[in-house]
Protein chains: 2
Amino acid sequence: MGLTKTEKFTALQNEIAQFAKVFGHPARVAILEHLFKINSCVCGDLVNEIGLAQPTISQHLKELTHLDLIQGEITGNSLCYCINAQKWSKMKTVMQQFLNQDLTAINCC
Amino acid sequence: MGLTKTEKFTALQNEIAQFAKVFGHPARVAILEHLFKINSCVCGDLVNEIGLAQPTISQHLKELTHLDLIQGEITGNSLCYCINAQKWSKMKTVMQQFLNQDLTAINCC
DNA sequence: TTTATTAATCGTAATATTGCAATGTATAAA
DNA sequence: TTTATACATTGCAATATTACGATTAATAAA
């Protein structure tokens with residue numbers, strides 16, 4: 001089938017999975033890390049930085065934009081992407097709640 | 001191609017992506033949450049809990065086991081899975097470092 | 001033994017993802 | 001204008017993922 005049965009899960013579970021999924025490719029991790037490093041916003045040197053073809057980077061950027069984790073703005077004839085700090089914070093809250101589940105009660109077989 | 005070019009990225013970037021990827025499906029999120037909730041370890045009622053077919057759950061469990069985030073132990077004729085607390089902690093460190101990148105310097109276009 | 005029960009594995013269909021060449025679009029520079 | 005530059009979009013091939021029926025293996029119960 002290849003089709004995730006999202007209706008079987010809670011909105012939060014689907015949200016966590018959606019965020020995680022977008023981080024589930026090293027190119028997108030690398031793009032985000034680069035955008036954090038270049039603390040002002042930065043655009044298309046990502047292609048040189050990452051070393052994948054331009055359409056490939058463009059596609060990864062699209063997925064990040066789609067979740068609103070980054071935003072792009074046209075400056076001249078180039079396009080400037082940057083982290084959406086507010087959305088990143090919200091995402092972080094969701095993900096950390098998942099990661100911080102109580103380990104102390106774990107009592108393995 | 002459908003094949004991730006891992007060689008273009010650092011070991012850490014690939015590691016982050018690998019962990020994120022396994023969280024990138026709501027069934028695996030649900031499985032982990034259930035294992036946390038049932039603080040002692042629990043086995044095949046995951047199939048009833050989640051509502052996907054047994055082979056599907058088994059496959060998701062395999063992926064989690066593969067990353068060592070959970071472990072299974074045979075008890076009688078059933079199989080008891082539980083969170084691997086040590087590995088979870090290590091994973092959490094890696095993921096939180098990624099999530100906690102400095103937002104204060106972000107100065108969008 | 002024989003029969004249930006539990007869960008892994010196999011095989012396969014449907015769909016998604018990754019990557020890129022080719023092309024299109026829009027602005028900048030000449 | 002014409003040409004260059006920057007990036008999105010399209011189309012496609014290769015591969016991965018998701019899901020499950022059927023089967024298998026192994027233990028438990030009868």
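Below, chain A is the first sequence line, B the second, and so on; all start at residue 1. Note: hydrogens, waters and symmetry copies are ignored here, and every other heavy atom, side chains too, is used. It should be emphasised that the depicted structure is a prediction, and the values quoted were computed from it without experimental measurement.
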- Provide, to the nearest angstrom, the distance between the CD atom belonging to A:Glu49 and the P atom belonging to D:dC7. 14 Å
- Message: Measuring only between side-chain heavy atoms, which start at C-beta, is A:Met91 closer than 4.5 Å to B:Leu99?
- Response: yes
- Query: Over how many whole Å does the gap from B:Glu63 atom CD to D:dT17 atom C1' extend?
  - Reply: 8 Å
- Value rounded to 0.5 Å, distance of CD1 in B:Ile38 from CG in B:Asp45: 7.0 Å
- Residue B:Pro55, side-chain heavy atoms: nucleotide from D:dT18, D:dC20, D:dT9 that is nearest: D:dC20
- Starting from P on C:dT6, measure out to CD on B:Glu73 and report it in whole angstrom. 18 Å
- Let me know which of B:Phe36, B:Phe19, B:Trp88 forms a ring pair (Phe, Tyr, Trp, His ring centres under 6.0 Å) with A:Phe98. B:Trp88
- Task: In whole angstrom, give the distance that lies between atom CD of A:Gln18 and atom C1' of C:dA16.
- Result: 14 Å
- Message: Could you check whether atom CD of A:Gln97 has more than 12 heavy atoms from other residues, nucleotides or ligands sitting under 6.0 Å from it?
- Response: no
- Message: Could you tell me how far apart B:Ile31 (CD1) and D:dA19 (P) are, to the nearest whole angstrom?
- Response: 10 Å
- Task: Identify whether any heavy atom of A:Ser78 sits under 4.0 Å from a base atom; if not, whether one sits that close to sugar-phosphate; answer base, sugar-phosphate or nothing.
- Result: sugar-phosphate
- Message: Regarding B:Thr4, tell me which of base, sugar-phosphate or nothing describes its non-hydrogen contacts under 4.0 Å with the strands shown.
- Response: sugar-phosphate
- Message: Starting the side chain at C-beta, find the nucleotide from C:dT18, D:dT15, C:dT17 nearest to B:Leu3.
- Response: D:dT15
- Query: Is there a donor and acceptor pair, one atom on the side chain of A:Gln54 and one on the base of D:dA6, closer than 3.5 Å?
  - Reply: no
- Nearest to the side chain of A:Thr56 - C:dG19, C:dT9, C:dT18? C:dG19
- Message: Can you tell me which nucleotide in D:dT18, D:dA6, D:dT10 comes closest to the side chain of A:Asn77?
- Response: D:dA6
- Of B:Ile74 and A:Lys21, whose closest DNA chain D nucleotide lies nearer the 5' terminus? A:Lys21
- Message: Distance alone, cut at 3.5 Å: any donor-acceptor contact between the side chains of B:Glu33 and A:Gln101?
- Response: no
- Item | Interatomic distance, A:Lys62 NZ vs C:dG19 P [rounded to whole Å] | 16 Å
- For B:Leu46 and C:dA8, what is the distance between atoms CG and P respectively, to the nearest whole Å? 10 Å
- Note on the structure: Heavy-atom nearest nucleotide on DNA chain D taken for A:Leu79 and for A:Lys8; more 5' hit belongs to A:Leu79
- Query: Does the pair A:Gln86 and A:Asp68 meet the rule for a side-chain hydrogen bond (donor to acceptor under 3.5 Å, both in side chains), with working shown?
  - Reply: CA-CA 10 Å; A:Gln86 281 192 5; A:Asp68 213 25; over 6 Å; no
- Contacts of B:Gly44 and A:Ala27 projected onto DNA chain C by closest heavy atom; the upstream (5') one is B:Gly44
- Any A:Tyr81 side-chain N or O less than 4.0 Å from OP1/OP2 of D:dA8: yes
- Residue A:Ser58, side-chain heavy atoms: nucleotide from D:dT9, D:dA16, C:dT18 that is nearest: D:dT9
- Task: Classify the side chain of B:Gln59 and the base of C:dA8 as holding, or not holding, a donor-acceptor pair under 3.5 Å.
- Result: no
- Message: Does D:dA19 have OP1 or OP2 under 4.0 Å away from a side-chain N or O of B:His60?
- Response: yes
- Query: Over how many whole Å does the gap from A:Lys5 atom NZ to D:dA19 atom P extend?
  - Reply: 7 Å
